[in-house]
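Below you'll find the structure, written out as structure tokens, and then a few comments.
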Amino acid sequence: MFGGCLCSNDNSCSSLSLNEHLSCPYAMEGDKNEAKGKVGDQVMQNPQALAALQDRLDSVTHTPSVMDSLPTSVKRRVNALKNLQVKSAHIEAKFYEEVHELERKYAALYQPLFDKRKEIVTGAVEPTDEECEWQSDHEEEELADELQKKASIEEPKEEAAAEENPKGIPEFWLTIFRSVDMLSDMLQEHDEPILRHLQDIKVIFSGPDEPMSFTLEFHFEPNIYFKNTVLTKMYKMKSEPEAEDPFSFEGPEIIDCEGCEIDWYKGKDVTVKTIKKKQKHKGRGIVRTVTKQVPTDSFFNFFNPIKVSPDSELDEDSEFTLATDFEIGHFFRERIVPRAVLYFTGEALEDDESFEEEELDEGEEEDQDDEMDEEEEEGDSKSGEAQPAECKQQ
């Protein structure tokens, strides 16, 4: 008989085993906890019982795959299909290699246009009237409004002064950096005066007999910050399936990157800051001030990436930093350089935001559907549950 059982008065539990008593609807919570503790101790002290419990847990957590239920002859044929899939992945890798060659070929065709863009941005050339013509959806409305104003109001001569005519397009690239979230997150206030000297960004693809890669070139006019006229960042790529996991291949991926050394003028390095610390001598009690330089946030840390060693594993923070670096390099190559003027005007930003909103709307709809399904399941389960009978002491 177990103390505290409500049915102990009529000896209904006196002949029950421990496990049977735990299942008794009249057993008290205290007896349950005490008995469960005893069972746990017995299991931990019995290796056979512990092994049996582990096997049971393994059987619960293991989800059988389709292959587990197939006859041996069918499994052989599935393995043959997998081998075909591996060969397909290698063909796909060759396809992307040829795509890279095609990109390199067309980059040479784009380059004269990008060179002309640089000349206009820097003010090296003035575009012709014909080159400056741009048809706008609102052009006719704007023209009508302008003619109406001219007809009704005669502008005073003093207001007809010549407009300010700066050289080229001032702060072209800096405006893009400020506008694009991915770049503005890297941008610091002390970076902006330097980026005003940025004249062009180029993408250079690796040659036909070289390992697959691309290099970003940042061209600066002479300035008071560093001696370099070009800062580079090379991204190394791989386009072949992994021997251990060929089915994970989805095209070329960036595997490493290399920056360049910036030759800063004295006192102009914005990637470090100077701090002063006071040190006290233990014996003499003399206090002295020590000055040292420590790293600080700056866009120009972009040219000093994390070094990847094949033999060492990166921690989680380093992996995230490196993945973000790869994403930024890819964004420069695929979006910023080819469509710079649209990021300057903000039109490309509107396209990006529209795309993100569409994805978000779809995701929200799926979440709402899931929530509705969960609510329906909860409602069904509640309606189908039998009400527990009241336990009364006899």
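These numbers come from the heavy atoms of this one structure, side chains and all, not from hydrogens, waters or symmetry mates. Since the model is a prediction, treat every value here as computed from it, not as a measurement.
Side-chain atoms of His100 and Ser206 form a donor-acceptor pair, as typed in the model, at a separation below 3.5 Å. With no hydrogens or angles considered, no side-chain donor-acceptor pair links Thr128 and Glu130 at under 3.5 Å. For the 3.5 Å distance criterion, the side chains of Glu221 and His197 qualify, holding a donor opposite an acceptor.
Ring geometry for Tyr106 versus Tyr110: interplanar angle of 30 to 60°, hence tilted.
Both Phe326 and Phe205 are members of a single hydrophobic cluster when ILVMFWY side chains are connected at heavy-atom separations under 4.5 Å. By the rule that hydrophobic residues join a cluster once side-chain heavy atoms approach within less than 4.5 Å of another member, Met182 and Ile336 end up as members of one cluster. Taking hydrophobic clusters as Ile, Leu, Val, Met, Phe, Trp and Tyr residues chained together by side-chain heavy-atom distances below 4.5 Å, Leu231 does not share a cluster with Ile204. Taking hydrophobic clusters as Ile, Leu, Val, Met, Phe, Trp and Tyr residues chained together by side-chain heavy-atom distances below 4.5 Å, Met234 does not share a cluster with Phe331. Using a 4.5 Å cut-off between side-chain heavy atoms of Ile, Leu, Val, Met, Phe, Trp and Tyr, with links allowed through other members, Tyr225 and Val230 fall into different hydrophobic clusters.
With rounding to the nearest 0.5 Å, the separation of CZ in Phe177 from OG1 in Thr175 is 11.0 Å.
The minimum heavy-atom distance between Asp191 and Met186, with the atom names listed, is OD2-O, 3.8 Å. The shortest non-hydrogen separation linking Val66 to Leu70 is O-CG, 3.3 Å. Of all non-hydrogen atoms in Pro166 and Pro170, the two that sit nearest each other are CB-CG, 3.8 Å. Closest approach of Ser239 to Met212, counting heavy atoms only: CB-CE, 3.8 Å. Arg333 and Val203 get closest at one heavy-atom pair: CA-CG2, 3.9 Å.
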Are Phe302 and Lys233 close enough, and set up right, to give a side-chain contact (heavy atoms from CB on, under 4.5 Å), and what steps lead you there? CA-CA 8 Å; Phe302 178 71; Lys233 182 77 170 284; 3.4 Å; yes
May I have the step-by-step check of side-chain contact (heavy atoms from CB on, under 4.5 Å) for Tyr265 and Lys227, ending in yes or no? CA-CA 7 Å; Tyr265 287 115; Lys227 298 177 182 179; 3.5 Å; yes
Take Ile169 and Thr122, measure what side-chain contact (heavy atoms from CB on, under 4.5 Å) needs, and give me the verdict at the end. CA-CA 7 Å; Ile169 304 178; Thr122 59; over 6 Å; no
Would you check, one step at a time, whether the test side-chain contact (heavy atoms from CB on, under 4.5 Å) holds for Asp200 with Val121? CA-CA 9 Å; Asp200 197 19; Val121 167; over 6 Å; no
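Applying the ring pair (Phe, Tyr, Trp, His ring centres under 6.0 Å) definition to pairs two or more places apart or across chains, those involving residues 233-260 are Phe214-Tyr235. For residues 240-250, the set of pairs meeting the salt bridge (charged side-chain N to carboxylate O under 4.0 Å, His left out) definition, not counting sequence neighbours, comprises Lys238-Glu242. Under the salt bridge (charged side-chain N to carboxylate O under 4.0 Å, His left out) criterion, the residue pairs touching residues 168-187 are Glu171-Arg178, Glu171-Arg196, Arg178-Glu192, with sequence neighbours excluded.
Checked against the 6.0 Å centroid threshold, Phe218 and Phe332 count as a close aromatic pair. Phe300 has its ring centre less than 6.0 Å from the ring centre of Trp264.
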Return a table of donor-acceptor pairs under 3.5 angstrom between the side chains of residues 71-89 and protein atoms on other chains or two or more places apart.
| unit_1 | atom_1 | unit_2 | atom_2 | d |
| --- | --- | --- | --- | --- |
| Lys75 | NZ | Met67 | O | 3.4 |
| Asn79 | ND2 | Lys75 | O | 3.4 |
| Asn83 | ND2 | Asn79 | O | 3.4 |

Would you be so kind as to tabulate the donor-acceptor pairs closer than 3.5 Å made by side chains of residues 252-260, with sequence neighbours excluded?
| unit_1 | atom_1 | unit_2 | atom_2 | d |
| --- | --- | --- | --- | --- |
| Glu258 | OE2 | Lys236 | NZ | 2.8 |

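Other residues, nucleotides and ligands place more than 12 heavy atoms under 6.0 Å from the CD atom of Glu210.
With sequence neighbours excluded, the residues forming a salt bridge (Lys or Arg N to Asp or Glu O under 4.0 Å) with Lys116 are Glu131, listed by chain and number.
Both the sub-6.0 Å distance and the 45° axial angle are not jointly satisfied by Lys268 relative to the ring of Phe226.
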